[in-house]
Amino acid sequence: MAQFTLVSGSVGLITLQNPPVNALSAATRQGIVDMMNKALNDPEVKSVVVCGQNRIFCGGADIKEFGTKISGPPLIPTIHTIEATNKPVVAAIEGSALGGGLELALGCHYRIAHSKARLGLPEVTLGLLPAIGGSQRLPRLIGVPAAIELITTGRHITAAEALQLGLVDHVTRSSTVDEAIKFAQSVEGKSLDSRRISNYPCPHLPDLDAVFEGVMQEVRQKAHGAIAPIACVQAVRAAATLPYLEGMEIERQLMETLFTSSQARALQYTFFAQRAVSRWSMPSGARWDTSMPKPVHKAAVIGLGTMGRGITVALAQAGLSVVAVETQEKQLKEAKLVVSGILERAAQRRGMAPTLAKITYSHDIRAVADVDLVIEAVFEDEALKEKVFQQLSAVCKPGTFLCTNTSSLDVDHLASLTHNPELVVGMHFFAPAHVMKLLEVVYGSKSSPEALATVMQLGKRMGKVSVAVGNCWGFVGNRMLKPYMEQAFYLLEEGATPELVDQALVEFGFPMGVFRMSDLSGTDVYWKIRKEAEPVGASGQEARVRKGLRYSPLGDLLCEQGRFGQKTGQGWYQYDKPGSRVARPDPWVHNFLEEYRARHGLVARRIDHAEVLERCLYSLINEGFRILEEGIAAGPEDIDMIYVFGYGWPKHRGGPMFYASMVGLAKILERLEHYHRAHPDVPFMQPCSLLRKLVTCGSPPVHKWKDVIKKIHSQL
Ligand SMILES: CC/C=C\CC(=O)SCCNC(=O)CCNC(=O)[C@H](O)C(C)(C)COP(=O)(O)OP(=O)(O)OC[C@H]1O[C@@H](n2cnc3c(N)ncnc32)[C@H](O)[C@@H]1OP(=O)(O)O
């Protein structure tokens, strides 16, 4: 797990060997301890270079070990030994030096990095803090403000930025290990007094208290309830105010609390779930590792509204040639300006040339004749999309994949209008499409494994977290959102205000509540969808029972007043002017709700945050279980990543299905039964049979649910 070689006569080369990322597993830590002892005790060795096998220094602690009983030696004493020795120790950083890997490098006397290397302390993203001395050494080396920023965001930085910050001593474009060996020899026998970071005083900051107060406020606001960023600030404060060893003790205590927290478990689950969703499977048995994607060099986007523009940007930034088609001249002109502007600003930020030449614009759909893949992003209108699919099927070269960005239409139906339904796949982007990480990839009943593999690979190229799901109304994300939003409306009927519901959800960790979100995206978006799905019928606009089930017309009544949210300056909240982002509670809405309740003989009651969360979240989770039972999502990780990366579900709660497992499935079942007894006309509250089955099986942990689902399916 670590190898020692004597090179150039006097340099002990220690190579970490734990593929794929040389993570610091128990065996690797043992290897480092043993090989370092060997090097430091060998009189022939005058200097040491530490590097990683396969051009990657070290990806940090072995995350798989977290949550298990940790064995093997701790690294802190070894890092102290390295720092204290009189033999110069040089870290040769290639690939990544992250978390414990960078902390190991910070214990070395010198750091040499390859120009393509990435460095960072991403522990916070796993619910932890850099607790192998990183929180104490980094501020001493690069100063408090820069250290706080790096530690609280977990951002990976380039070697160039690391050099600028003083985190590394030298950056090379040639062989990092060879340079490190040469450098180590050049400093053999020289004093290392000025190279031991733990001896450095923390660079002075005037008005330290005010600085930390400001930082804490900012970090708290961004954390949405996550505790690790707060602990990170506390640890850096200890570095800034206490001697090194006392700071180390604070670091240890803070880590002890974080290490066993449910937030750390959720974030570590998310780390692996994000990677697991790329290993997709289809109910037919087709899988990611047995299906070959086709190369996509040239793609087209049809329709250049907000979504089409974002998709065009995402494709161009992924290095593809793009044909962007919009039939309306005015919209086409405007789109060109917007897309170019986004690409230019992004290129400027990255210090690169924009990829404008990769896009050709046309108002004629025939311009897509030679592309490998088309993404249709026209207005969400069934007849329009039907026409576009028929046209595409006629004009595209044989084998072109036809994708739709629909959020609510039937992928199978669109596929049935083409000559080759096996080439049709849904690509459900989230606005803004060039920013949002999630891509729901919807395979239809006829989609070929090759088509799915191609689209999943394209999603990866665009930097998306792509999740393959089956075809059903709303796919996974929007389907689960329906019961959540319904409950929010029912809560208003029963006595809540939009502010109360939203506050409960924000305290849970969502960046914004359901009503604020609805105002942001436009209250009319779901109104249109509802009008199609739930026609008013003979009983009238205000009817609270439709097709024998409870229905709340509150959202429809609001829209009838022209209150479409932020864009009109009025929605569930009031805004200073149309487009303003500052939402204020609106007495008009409170009055509207009171009058509505009076008209329907509803008596308002006191509703607390716990009820809001149980009803909104548990009904959403219940639908998640139905989706798993039907095989629309292959596993709970798929649902969770859709919610974390597309719907603002707080990462430190792991996603709805992981959250359910943390709350306890028996409790979720009991509360759903309770609410279903109280509201028998709300089918979303009726506990799903998979949930019952899992509870009967003793509520297995989330990674075992697939086994239970498989068993259910094999019995069908
Ligand atoms: C006591 C606490 C002490 C120290 C604290 C820490 O060090 S916490 C750990 C901090 N490190 C990280 O957060 C780094 C996590 N890894 C990454 O960011 C990326 O994996 C990395 C290193 C940039 C490489 O990215 P790449 O895209 O090339 O590969 P991928 O992410 O798909 O990873 C490949 C497989 O390696 C597994 N893996 C990666 N890092 C770790 C790790 N630290 N521990 C365990 N396993 C790790 C990853 O899951 C992939 O596995 P696979 O089975 O192929 O999905």
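Position 1 is the first residue of the sequence; numbering continues from there. Whatever order the structure lists ligands and atoms in, that order sets their numbers, starting from 1.
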Based purely on interatomic distance, does [X] place a nitrogen or oxygen under 3.5 Å from a nitrogen or oxygen of ligand 1?
X	result
R279	yes
I56	no
R275	yes
G100	yes
I63	yes

side-chain hydrogen bond (donor to acceptor under 3.5 Å, both in side chains) evaluation trace for T81 with T78: CA-CA 5 Å; T81 307; T78 304; 5.6 Å; no
field: E440: partners by side chain to side chain donor-acceptor pair (under 3.5 Å), with sequence neighbours left out
entry: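 Per chain and number, E440 pairs via side chain to side chain donor-acceptor pair (under 3.5 Å) with H428.
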field: Worked verdict on E94 versus R55 for salt bridge (Lys or Arg N to Asp or Glu O under 4.0 Å)
entry: CA-CA 5 Å; E94 294 175 304; R55 298 189 187 286; 3.2 Å; yes
message: I want to check a possible cation-pi pair here: R653 against F508, using under 6.0 Å from ring centre and within 45° of the ring axis as the test.
response: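 Satisfied, under 6.0 Å and within 45°.
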Please indicate, with yes or no, if any protein heavy atom is found under 4.0 Å from [atom]?
atom	result
atom 18 (O) of ligand 1	yes
atom 49 (O) of ligand 1	yes
atom 26 (P) of ligand 1	no
atom 44 (N) of ligand 1	yes

- request: Could you tell me whether F430 and Y647 have their ring centroids closer than 6.0 angstrom?
  value: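 Distance test on ring centres: under 6.0 Å, yes.
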- line: So CD1 of I311 and SG of C403: to nearest 0.5 Å the spacing works out to 10.0 Å
- prompt: Out of curiosity, S198 OG to L106 CG, how far, rounded to the nearest 0.5 Å?
  reply: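 Going from OG on S198 over to CG on L106, the span is 11.0 Å.
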- prompt: Nearest protein heavy-atom contact for atom 21 (C) of ligand 1: which residue, which atom, what distance?
  reply: L98 CD1, 4.4 Å
message: Taking ring-ring contact (aromatic ring centres under 6.0 Å, His included) as the criterion, tell me which of F271, W705, F272, Y269 meets it with F658.
response: Y269
query: If hydrogens are left out, which of L126, L128, L121 has an atom nearest to atom 9 (C) of ligand 1, that is, the closest non-hydrogen atom?
result: L126
